[in-house]
There are 2 protein chains.
Amino acid sequence: MTAPLRLGIAGLGTVGIGLVKIVQNNPDLLETRSGRKITISAVSARSKDKDRGADLSGYAWEDNAVDLAQRDDVDVYVELMGGHEGPAKNSIEAAISAGKDVVTANKALLAIHGQALAESAEEAGKLIRFEAAVAGGIPVVKALTEGLSGNVINRVMGVMNGSCNYILTRMQDAGLTYQEVFDEANALGYLEADPQLDVGGIDAGHKLALLASIAYGTQVDFDAVELEGIGSVTIEDINQAADMGYRIKLLGVAQLTGRGLEQRMSPCLVPASSPLGQLQGGTNMVVLEGDAVEQVVLRGPGAGEGPTASAVIADIMDLARGVRISTFGQPAKYLVKARAARAAVSAPYYLRIQLVDKPGSLAKIAAILGDAGISIDRMRQYGHDDHSAPVLIVTHKTTRTAVDEAIQQFSTTGLIEGAPVAIRIETV
Amino acid sequence: MTAPLRLGIAGLGTVGIGLVKIVQNNPDLLETRSGRKITISAVSARSKDKDRGADLSGYAWEDNAVDLAQRDDVDVYVELMGGHEGPAKNSIEAAISAGKDVVTANKALLAIHGQALAESAEEAGKLIRFEAAVAGGIPVVKALTEGLSGNVINRVMGVMNGSCNYILTRMQDAGLTYQEVFDEANALGYLEADPQLDVGGIDAGHKLALLASIAYGTQVDFDAVELEGIGSVTIEDINQAADMGYRIKLLGVAQLTGRGLEQRMSPCLVPASSPLGQLQGGTNMVVLEGDAVEQVVLRGPGAGEGPTASAVIADIMDLARGVRISTFGQPAKYLVKARAARAAVSAPYYLRIQLVDKPGSLAKIAAILGDAGISIDRMRQYGHDDHSAPVLIVTHKTTRTAVDEAIQQFSTTGLIEGAPVAIRIETV
Ligand SMILES: NC(=O)c1ccc[n+]([C@@H]2O[C@H](COP(=O)([O-])OP(=O)(O)OC[C@H]3O[C@@H](n4cnc5c(N)ncnc54)[C@H](OP(=O)(O)O)[C@@H]3O)[C@@H](O)[C@H]2O)c1
Ligand SMILES: NC(=O)c1ccc[n+]([C@@H]2O[C@H](COP(=O)([O-])OP(=O)(O)OC[C@H]3O[C@@H](n4cnc5c(N)ncnc54)[C@H](OP(=O)(O)O)[C@@H]3O)[C@@H](O)[C@H]2O)c1
C-alpha cells in the first residue's frame with residue numbers, strides 16, 4: 001500500500017469545511033479509488049475557536065497559513081482562504097519552496113499571478129491545480145485540459161457567475177429592475193462582500209482568463225479581458241430581447257483570432273432555445289468548441305460547499321493517483337504571451353433606440369446604419385402615444401467599431417432620446 | 001525529450017480515420033500538450049486498397065490486427081474495428097500479453113468482456129481506456145472517473161444513442177409514426193447494420209453498463225440492464241406527453257439501491273423544460289449526480305468521425321502524459337459483483353388507456369389504482385364520439401410492480417380496449 005496523501009488545509013470557510021466533510025465522510029471511497037488514504041494533517045483559519053460544524057480536533061492547528069504550507073507532514077497544500085495577495089499568495093509560494101503540490105480554488109489569485117506561480121511550481125517539479133476555481137462543481141478545467149486535449153479550441157464560452165445569472169433571470173421572471181433584484185440578492189447574501197466582483201464581471205472574468213490560457217496555450221492575462229458588468233442591463237432590454245427570441249446573459253467568450261486573443265466578459269444576447277439561453281438561476285454553464293469535437297456543453301452548480309469541495313477533492317484525488325499534468329495543460333514556460341485583440345470577432349448586434357416621432361426619422365437611422373456598413377436583419381417599431389417610440393434593430397454580423405460609429409452618428413441627428421443600447425448577439 | 005508514443009491503429013473506418021487525421025493535422029499541438037510526439041507506426045483494416053481519404057503511406061500495414069497489436073514499434077494499441085468477439089477481443093488480448101496499453105471505442109466488447117480484459121490488463125501493469133465508447137465526444141468517462149472522484153454517486157442518467165433521440169424528436173416535430181421515421185433514418189444510414197442495436201436500446205445499454213461500473217465500483221454487468229427499446233413508442237404518447245409538459249426519451253438510469261444495482265435503458269418521460277427534455281436530434285446528454293456535486297450535465301455529439309476521434313485521442317494523450325488511472329476508476333480486481341435489482345426505485349408513471357364509454361367505468365379504473373396503492377396526480381379524459389375514449393393518468397410515485405398489477409386488473413374489467421400504456425416518469 002502506498003503511503004497516505006497528507007493534506008494541509010488553509011481556510012475553513014464554505015469550501016474548506018466542504019472539503020473536510022468529504023475527507024471525513026467517505027474515506028474508504030477515496031482510498032479505493034485513488035489507491036491511497038487521504039488524510040488531513042493540519043488546518044488553519046483566522047479564528048481558532050469558531051464552531052465550524054465539523055470536528056477538527058484530530059488535526060494540528062496553525063495560526064499562520066505560511067507555516068501550515070511548510071509542515072513536514074503535509075504533502076499537498078490546499079489554499080481555500082481567497083484573496084489575490086497576502087496570505088494566499090505567500091503561503092502558496094512557501095508551499096512550493098517547501099516541495100508541496102498545491103490545490104486551490106482561488107481564481108482571483110491565479111488570474112493575476114497564475115503564470116509566475118505555475119512557473120515556479122514547475123521549476124520545483126510541483127503542481128498547482130485549480131479545478132474549483134472555474135465554475136465550481138463542473139469539471140471544466142479537466143474537460144478542457146484533458147478531455148479535449150486533441151482539439152484545436154475554436155471558442156470557449158461560459159456563464160460562470162451564478163449570482164449574475166440569478167439576477168438576470170429573476171429580473172425577467174419577476175419583471176423587476178436591476179436595482180431591485182440587486183438589493184434583494186445582496187440582502188440574501190448571494191453577492192460577494194464587494195458585489196462589484198460579481199456584477200462587474202470581475203469574478204467571471206478571472207475564470208475566463210484561466211480557461212483561455214488552457215485553451216490557447218497562452219499566459220493567463222486577466223488585464224486583457226474586456227469587462228462589462230450587468231449593471232446597465234435594463235428590464236426593457238430583457239423583455240424586448242425575449243420578444244425577439246433571445247435571453248440576456250453575462251457571457252464570457254474567448255477566441256483566438258488572426259489579430260490576437262479576444263477575451264470578453266459582457267452581457268450578450270443568446271437564442272432563448274439554446275442551452276445557454278435556457279440556463280436559469282445560479283447554475284453555471286461552459287461551452288467548449290474544438291475542431292474535432294465540435295461542441296461540448298457542461299452545466300452544473302458554480303458555487304456552494306459541496307460542489308466546490310467536489311472539485312477540490314478531484315484535484316487531490318488526481319494527485320493521489322499520480323496524475324502530473326501541468327497547471328495550464330502544458331509547461332508554463334512554454335505558454336506564449338498572446339497579443340490582446342479587442343472587438344476582432346464580428347457579430348450581430350441588438351440595438352434599441354428611443355426615436356423621436358418625426359417624418360423621415362426612421363429612414364435617417366437606417367441611412368446611418370447603411371453608411372456604417374451595417375445591414376439590418378430585423379427592425380421593430382413600437383406603437384406609442386408619446387412624441388418618441390422605441391425602435392429595436394437586430395443587425396447582421398458587423399463589428400463593434402461600426403456599431404459605435406453608427407451610435408455616434410445617431411447622436412448628431414437630434415432624433416434620439418437617451419443613450420442608444422447596443423448588445424452583442426453571440427451565435428451559439 | 002521523452003520518446004514518442006507510437007500507435008498501432010486497427011480499424012480505419014469512421015473513427016480510425018478520424019484519429020489518423022487528428023494525429024496528422026495537429027502534431028505540434030499534441031506534442032506541446034503531452035510532452036511527447038504522438039506517432040503512428042502501423043495500421044490495419046480489412047481491405048488494404050480502399051481509398052480512405054487519408055494518406056496512410058507512411059505507416060506499416062498489417063492484414064491481421066493481432067499481429068499489429070504485438071508489433072515492437074507499437075506502444076499503444078488502438079482498437080477501432082468493433083464487434084464484441086473475434087478480432088477486436090483477440091487483438092486486445094494479444095496487445096496486453098505483448099505489454100501494450102490499449103485504447104478502444106468498443107462499448108459492445110467492454111460491456112461484455114470488460115471485467116476480464118481489465119483484470120488481465122492490470123495484472124500485466126497495462127491499461128485499457130475507453131472514453132470514446134460512451135457518448136462519443138463527451139468526456140464523460142473522465143468526468144465520472146476523475147472529475148467526480150470524491151463523490152458518492154447517487155444516479156447516472158443518459159440519452160446515449162443519438163439515433164433513438166433523433167427518431168423520437170423527429171416523430172414529434174413531423175407528426176410521423178415510429179415506423180415512418182425508422183424507415184427514413186435507416187435509408188439515411190443513421191442506423192447500425194443491425195438496427196436493433198440502436199432502437200432496441202442495446203448500444204445505449206452497453207454504455208450505461210460501463211458508466212454504472214465506474215460510478216458504483218461494480219463489475220460491468222450488461223446482462224443486468226433492463227432493456228426496452230423505442231419500437232413501441234407511439235406518436236399518440238409523444239403528443240399526449242407533450243401536452244402534459246413532458247418529452248419521451250430513451251433514457252438510461254443506473255442507481256445503487258438498498259436492494260442492489262438497478263440499471264434501466266427504456267423510454268421515459270422527462271419534463272420538457274429540463275435539459276434532458278430539451279435535447280433535440282442526435283445529440284447525447286449524460287447527467288451525473290453525486291452527494292457533493294449535486295448534478296452535473298454534459299451535452300455533446302455522441303458519434304461521428306471528429307467527436308469520437310476526439311475522445312480516442314484524449315485517452316492517448318492521457319497515456320502520453322503518464323496518467324495511469326485504472327480502466328473502471330479502481331483496480332478491476334476490487335470491483336464487486338453487484339446484485340441486480342429490478343424496479344427497486346419507485347417513480348411516477350404515465351398511463352394511457354382506451355376506456356369503453358360506460359357509466360362508472362372511470363370510477364372502476366380509479367378504484368383499481370387505489371387498490372394497487374397507486375394515487376393519481378393528474379387525470380385527463382378526452383372528448384370522443386366513439387364508444388371509447390383515451391384516458392391519461394399521471395400517478396404519484398409508485399412501483400413498477402404496482403403498475404403492472406393495476407394493468408393486469410384493468411384487463412379483467414372488460415372496460416379497456418387494446419393494451420394500456422405505462423411509461424415511467426424519471427424525476428430529473
Ligand atoms: N464559496 C464558493 O462557492 C466558492 C466557489 C468557487 C471558488 N471559491 C473560492 O474558494 C476560496 C474560499 O472561498 P470560501 O467561500 O470558502 O470563503 P470563506 O467562506 O470566506 O472562507 C475563507 C476562510 O479563509 C480563512 N482565512 C481568511 N484569511 C485568512 C488568513 N489570513 N489566514 C488563515 N485563514 C484565513 C477564513 O478564516 P475564518 O473562518 O476564521 O474567518 C475562512 O475560514 C476563495 O478563493 C473563493 O474565491 C469559493
Ligand atoms: N462511428 C461512430 O460514431 C462511433 C462512435 C462511438 C464508438 N464507435 C465505435 O468505434 C468502433 C469503430 O466504429 P466505426 O464507426 O469507425 O466503424 P466502421 O466505420 O465500420 O470501421 C470499422 C473498421 O474496422 C475494420 N475492420 C473490421 N473488421 C476488421 C478485421 N477483422 N481486421 C481488421 N480490420 C477490420 C474495417 O475495415 P474496412 O474499412 O477495410 O472494411 C473498418 O476500417 C466500433 O466499436 C464502434 O462501436 C463508433
Side-chain angles (χ1 to χ4, degrees), chain A residues 18-19 21-23 25-26 29-30 32-35 38 131 136-140 142-143 145-152 217 273 275 278 288 290-301 304-307 309-314 316-318 321-326 329-331 334, chain B residues 18-19 21-23 25-26 29-30 32-35 38 131 136-140 142-143 145-152 217 273 275 278 288 290-301 304-307 309-314 316-318 321-326 329-331 334:
Chain A
L19 175 62
K21 286 182 188 167
I22 291 180
V23 173
N25 294 342
N26 301 324
L29 189 84
L30 301 181
T32 322
R33 289 184 182 160
S34 73
I38 311 284
E131 182 64 81
I138 304 178
V140 60
K142 183 171 280 288
T145 314
E146 305 170 35
L148 269 51
S149 59
N151 284 259
V152 176
S273 62
Q278 290 163 347
L288 305 174
D291 62 344
V293 80
E294 295 163 12
Q295 189 186 68
V296 170
V297 180
L298 301 101
R299 180 188 197 278
E305 176 181 303
S310 167
V312 174
I313 189 78
I316 294 167
M317 290 287 280
D318 270 359
R321 284 164 157 171
V323 175
R324 307 292 308 166
I325 297 173
S326 313
Q330 56 181 271
Y334 298 141
Chain B
L19 175 62
K21 287 183 188 166
I22 291 179
V23 173
N25 294 343
N26 300 325
L29 189 84
L30 301 181
T32 323
R33 289 184 181 160
S34 74
I38 311 284
E131 181 65 80
I138 305 177
V140 59
K142 183 170 280 289
T145 314
E146 304 170 35
L148 268 54
S149 59
N151 284 258
V152 176
S273 62
Q278 289 163 347
L288 305 173
D291 60 346
V293 80
E294 296 163 11
Q295 189 185 69
V296 170
V297 180
L298 301 101
R299 181 188 195 277
E305 177 180 303
S310 166
V312 174
I313 190 76
I316 294 167
M317 291 287 281
D318 271 1
R321 284 165 156 171
V323 175
R324 307 294 305 168
I325 296 173
S326 313
Q330 55 179 273
Y334 298 140

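Convention: sequence-line order gives letters A, B, ...; per-chain numbering from 1. What's counted below: heavy atoms across the whole structure, side chains too, no hydrogens, waters or symmetry copies.
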**Q** Looking at Val312(B), Ile313(B), Val293(B), Val323(B), which makes the most heavy-atom pairs under 4.5 Å with chain A?
**A**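 Heavy-atom pairs under 4.5 Å are most numerous for Val293(B).
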
**Q** Chain B heavy atoms under 4.5 Å from Ser273(A): which part of the residue, side chain, backbone, both or neither?
**A**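 Interface part for Ser273(A): neither.
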
**Q** For a quick test of reading the model, state the closest non-hydrogen atom pair linking Pro139(B) to Val296(A) and the distance between them.
**A**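 Heavy atoms only, the tightest pair is CD-CG1, 4.1 Å.
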
**Q** Can you list the residues that meet the side chain to side chain contact (heavy atoms under 4.5 Å, CB included) rule with Ala314(A), with sequence neighbours excluded?
**A**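 Applying side chain to side chain contact (heavy atoms under 4.5 Å, CB included) to Ala314(A) gives Ser149(B).
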
**Q** Select, from Thr145(B), Ile316(B), Val140(B), the one with the greatest count of heavy-atom pairs under 4.5 Å involving chain A.
**A**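 Of Thr145(B), Ile316(B), Val140(B), Thr145(B) has the most heavy-atom pairs under 4.5 Å with chain A.
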
**Q** Pick whichever of Gln295(A), Gln330(A), Lys21(A), Arg321(A) has the most heavy-atom pairs under 4.5 Å with chain B.
**A**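 With the most close heavy-atom pairs to chain B, the winner is Arg321(A).
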
**Q** Between Asp318(A) and Ile325(B), what is the shortest heavy-atom contact and its length?
**A**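 Closest heavy-atom pair between Asp318(A) and Ile325(B): OD1-CD1, 4.3 Å.
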
**Q** Given heavy-atom pairs under 4.5 angstrom as the criterion, report whether the side chain, backbone, both or neither of Leu29(B) touches chain A.
**A**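 Contact with chain A involves the side chain of Leu29(B) alone.
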
**Q** Which region of Gln278(B), side chain (C-beta onward) or backbone (N, CA, C, O), has a non-hydrogen atom less than 4.5 Å from a non-hydrogen atom of chain A, or is it both or neither?
**A**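 Just its side chain gets close to chain A.
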
**Q** Pick whichever of Ala143(B), Gly290(B), Gly150(B) has the most heavy-atom pairs under 4.5 Å with chain A.
**A**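 Answer, by heavy-atom pair count under 4.5 Å with chain A: Gly150(B).
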
**Q** Would you say the side chains of Asn26(B) and Asp291(A) form a donor-acceptor pair under 3.5 Å?
**A**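 On atom types as modelled, these side chains qualify, holding a pair under 3.5 Å.
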
**Q** Tell me which of these, Ser34(B), Gly322(B), Pro331(B), Pro275(B), has more heavy-atom pairs under 4.5 Å with chain A than the rest.
**A**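 Heavy-atom pair counts peak at Pro275(B).
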
**Q** Can you give me the closest heavy-atom contact between Arg33(A) and Leu148(B), atom names plus distance?
**A**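 Taking every non-hydrogen atom into account, NH1-O, 3.8 Å.
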
**Q** Under 4.5 Å, counting heavy-atom pairs only, tell me which of Asn151(B), Ile38(B), Leu30(B) racks up the most with chain A.
**A**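 If we count pairs closer than 4.5 Å to chain A, Asn151(B) comes out on top.
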
**Q** Could you go through Arg299(A) and Arg299(B), starting from their C-alpha distance and side-chain angles, then the distance that decides it, and tell me whether this counts as side-chain contact (heavy atoms from CB on, under 4.5 Å)?
**A** CA-CA 8 Å; Arg299(A) 180 188 197 278; Arg299(B) 181 188 195 277; over 6 Å; no

**Q** Name all residues meeting the side chain to side chain contact (heavy atoms under 4.5 Å, CB included) criterion together with Glu294(A); count only those two or more places apart in sequence or in a different chain, and write none if there are none.
**A**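 Counting only residues at least two positions away or on another chain, Glu294(A) forms a side chain to side chain contact (heavy atoms under 4.5 Å, CB included) with Pro301(B), Pro307(B).
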
